[in-house]
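The structure appears below as structure tokens.
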Amino acid sequence: RNKSTLVIEDITVNKPISFGINYDLVFTLLYDQITETLFAGHANGHAVQYQKKNELNEFTFLKDYGKLGLERIKT
């Protein structure tokens with residue numbers, strides 16, 4: 001795995017799950033608990049949204065916002 005791979009893991013059972021459309025290094029992750037969506041901001045200004053799909057914390061692709069005209073998306 002590298003910095004452009006999204007991984008979620010339940011450390012109590014040591015079960016990592018890789019997911020995501022990776023355009024560049026992931027600099028920022030933002031999770032909204034109300035909508036259960038995860039936003040990933042890439043080094044090249046690309047943003048992608050994922051939806052939590054079950055209690056196993058698996059995520060599926062929801063929307064690709066493309067390059068937003070920003071140099072980098074960082075927090």
Is the shortest side-chain heavy-atom distance between [X] and [Y] below 4.5 Å?
X: Ile8; Y: Tyr50; answer: no
X: Ile17; Y: Glu9; answer: no
X: Leu29; Y: Leu6; answer: yes

**ILVMFWY network linking Leu62 to Leu30, side-chain heavy atoms under 4.5 angstrom** =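 As far as the 4.5 Å side-chain criterion goes, Leu30 and Leu62 are not connected within one cluster.
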Smallest separation among heavy atoms of [X] and [Y], with atom names:
X: Pro16; Y: Asn14; answer: CD-O, 3.4 Å
X: Tyr31; Y: Thr37; answer: CD1-O, 3.3 Å
X: Ala47; Y: Leu68; answer: CB-CD1, 3.7 Å
X: Asp24; Y: His42; answer: O-CD2, 3.3 Å

**Request:** Apply side-chain contact (heavy atoms from CB on, under 4.5 Å) to Thr60 and list each qualifying residue two or more places apart in sequence or on a separate chain.
**Result:**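 By the side-chain contact (heavy atoms from CB on, under 4.5 Å) rule, Thr60 matches Gln51, Lys53.
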**Prompt:** Between Lys67 and Asn44, is a side chain to side chain contact (heavy atoms under 4.5 Å, CB included) present by the stated rule, with each step listed?
**Reply:** CA-CA 7 Å; Lys67 287 189 178 183; Asn44 65 1; 3.7 Å; yes
**Point-to-point distance, once rounded to the nearest 0.5 Å, from CG of Leu25 to NE2 of His46** = 14.0 Å
**Message:** Measuring from atom CG of Leu38 to atom NZ of Lys52, what distance do you get when rounded to the nearest 0.5 angstrom?
**Reply:** 11.0 Å
**Request:** Would you mind telling me which of Tyr65, Phe39, Phe61 makes a side-chain contact (heavy atoms from CB on, under 4.5 Å) with Val48?
**Result:**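 With Val48 as partner, Tyr65, Phe39, Phe61 yield a single side-chain contact (heavy atoms from CB on, under 4.5 Å), made by Phe61.
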